Amino acid sequence: GTLRSASRAQQHVRRLVAGRLVAASRCADRSWPPYSPTMPAPSADVLVVGAGPTGLVMACELVRRGVSCRIVEREATPHHESRATDVNPRTLEVFQDLDVLDAVLARAVKRYALSMYSNGEQFLRVGFDGAATPYSFVLGIEQNVTEEILEARLEQLGGRVERGVR
């Protein structure tokens, strides 16, 4: 989930930034995309819906590349419960690039292997040391903590989450 979403978010941002120059030249006379005289022009290039980890990473990537965006969240306040607890190695690479890895590592537990048990007997153990990544571990960190760190980074970059928006 988070691994694929974060990588896809970065790919979409790169495409958006690359295509923005073409779109800007097409929009110079307001003929493309079609505008209605009764509909106001958008106040941001991108609307990000949801301030979970994926939405926050997307917003951070956009803002740091100079793309204007709004990030809206239905909930009026941040979550205080955890909905997910593990962050995979590829996501850690995304966090490194986003300059939040140190903050995440400071509040997480490194897990170097996954073990499964049945009736008190271990029947599976998977280590992460062979992964093609500089991070040979999975991080145990609550989703609400991850969101707190990502939202703080978004604010450092000049963005903000608009809460209570439906």
Side-chain angles (χ1 to χ4, degrees), residues 1-24 44-75 78-161:
T2 305
L3 164 65
R4 286 189 183 138
S5 297
S7 294
R8 285 185 184 154
Q10 285 185 319
Q11 290 170 2
H12 289 299
V13 168
R14 288 186 190 108
R15 281 190 215 119
L16 176 68
V17 171
R20 215 166 135 214
L21 297 176
V22 173
D45 292 330
V46 177
L47 174 64
V48 178
V49 179
T54 302
L56 289 164
V57 167
M58 173 64 89
C60 287
E61 292 288 352
L62 289 165
V63 169
R64 76 185 192 142
R65 285 173 170 77
V67 178
S68 65
C69 76
R70 288 181 62 197
I71 179 168
V72 296
E73 170 58 46
R74 169 181 60 196
E75 302 298 326
H79 305 183
H80 295 292
E81 74 280 351
S82 183
R83 297 179 179 186
T85 57
D86 290 338
V87 177
N88 294 308
R90 176 61 186 115
T91 303
L92 298 177
E93 293 178 38
V94 172
F95 286 174
Q96 174 66 43
D97 186 53
L98 198 54
D99 201 25
V100 296
L101 183 60
D102 290 341
V104 170
L105 288 172
R107 297 182 65 187
V109 175
K110 293 179 183 177
R111 298 180 181 155
Y112 294 94
L114 167 74
S115 297
M116 293 188 162
Y117 293 82
S118 177
N119 297 323
E121 298 288 323
Q122 181 178 352
F123 68 90
L124 176 69
R125 183 179 188 285
V126 178
F128 304 117
D129 54 349
T133 174
Y135 308 104
S136 58
F137 51 85
V138 169
L139 278 187
I141 186 169
E142 297 160 342
Q143 180 178 332
N144 57 310
V145 174
T146 303
E147 290 172 2
E148 178 186 317
I149 292 167
L150 290 169
E151 187 168 352
R153 178 65 175 141
L154 177 63
E155 290 172 1
Q156 287 174 346
L157 294 167
R160 71 176 183 86
V161 175

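Small disclaimer: the values here were computed from a predicted structure and weren't measured. Below, each value reflects all heavy atoms present in this structure, side chains not excepted, and no hydrogens, waters or symmetry copies. Position 1 is the first residue of the sequence; numbering continues from there.
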Heavy-atom check, side chain of Leu47 versus side chain of Val49, under 4.5 Å: yes

Value rounded to 0.5 Å, distance of OG1 in Thr54 from CG in Leu56: 9.0 Å

Residue pair Asp45 / Cys69, side-chain heavy-atom distance below 4.5 Å: no

Close side-chain approach of Thr133 to Phe128, heavy-atom, < 4.5 Å: no

Trace of the ring pair (Phe, Tyr, Trp, His ring centres under 6.0 Å) decision for Phe137 with Tyr112: CA-CA 5 Å; Phe137 51 85; Tyr112 294 94; 5.7 Å; yes

Asp97 side chain near Arg64 side chain, heavy-atom distance below 4.5 Å: yes

CD on Glu142 to NE2 on His79, rounded to 0.5 Å: 13.5 Å

Heavy-atom side-chain contact between Pro53 and Glu147 under 4.5 Å: yes

Over all atoms of both residues, closest heavy-atom pair of Glu73 and Val161: CB-CG1, 4.0 Å

Test log, rule side-chain contact (heavy atoms from CB on, under 4.5 Å), inputs Val72 and Val48: CA-CA 6 Å; Val72 296; Val48 178; over 6 Å; no

Separation between CG of Leu150 and CE of Met58, rounded to the nearest 0.5 Å: 13.5 Å

Val104/Leu139 under side-chain contact (heavy atoms from CB on, under 4.5 Å): CA gap, chis, key distance, verdict: CA-CA 9 Å; Val104 170; Leu139 278 187; 3.5 Å; yes

Atom CD of Glu121: over 12 foreign heavy atoms under 6.0 Å: no

side-chain contact (heavy atoms from CB on, under 4.5 Å) between Gln122 and Met116, intermediate numbers included: CA-CA 6 Å; Gln122 181 178 352; Met116 293 188 162; over 6 Å; no

Shortest non-hydrogen contact between Ala59 and Ile71, atoms and distance: CB-CD1, 3.9 Å

Any side-chain heavy-atom pair of Leu92 and Val87 under 4.5 Å: yes

Distance, nearest 0.5 Å, that separates CG of Leu114 from CG of Leu124: 6.5 Å

Non-hydrogen atoms of Ser68 and Ala44 that approach each other most closely: OG-CA, 3.5 Å

Closest heavy-atom pair and its distance - Gln96, Tyr135: OE1-OH, 3.4 Å

Side chain proximity check, Leu105 to Phe95, heavy atoms < 4.5 angstrom: no

Electrostatic pair Arg83:Glu81 at N-O distance under 4.0 angstrom: yes

Separation between CZ of Arg65 and CD of Glu61, rounded to the nearest 0.5 Å: 4.5 Å

Test item: side-chain donor near acceptor, Gln143 and Thr85, under 3.5 Å: no

Close side-chain approach of Asp86 and Arg111, heavy atoms under 4.5 Å: yes

Carboxylate-amine/guanidinium contact Arg107 Glu148, below 4.0 Å: yes

Closest heavy-atom pair and its distance - Val138, Pro89: CG2-CD, 4.2 Å

Over all atoms of both residues, closest heavy-atom pair of Arg153 and Leu98: NE-O, 3.0 Å

Candidate pair Val145 and Ile149, rule side-chain contact (heavy atoms from CB on, under 4.5 Å), full reasoning: CA-CA 6 Å; Val145 174; Ile149 292 167; 4.1 Å; yes

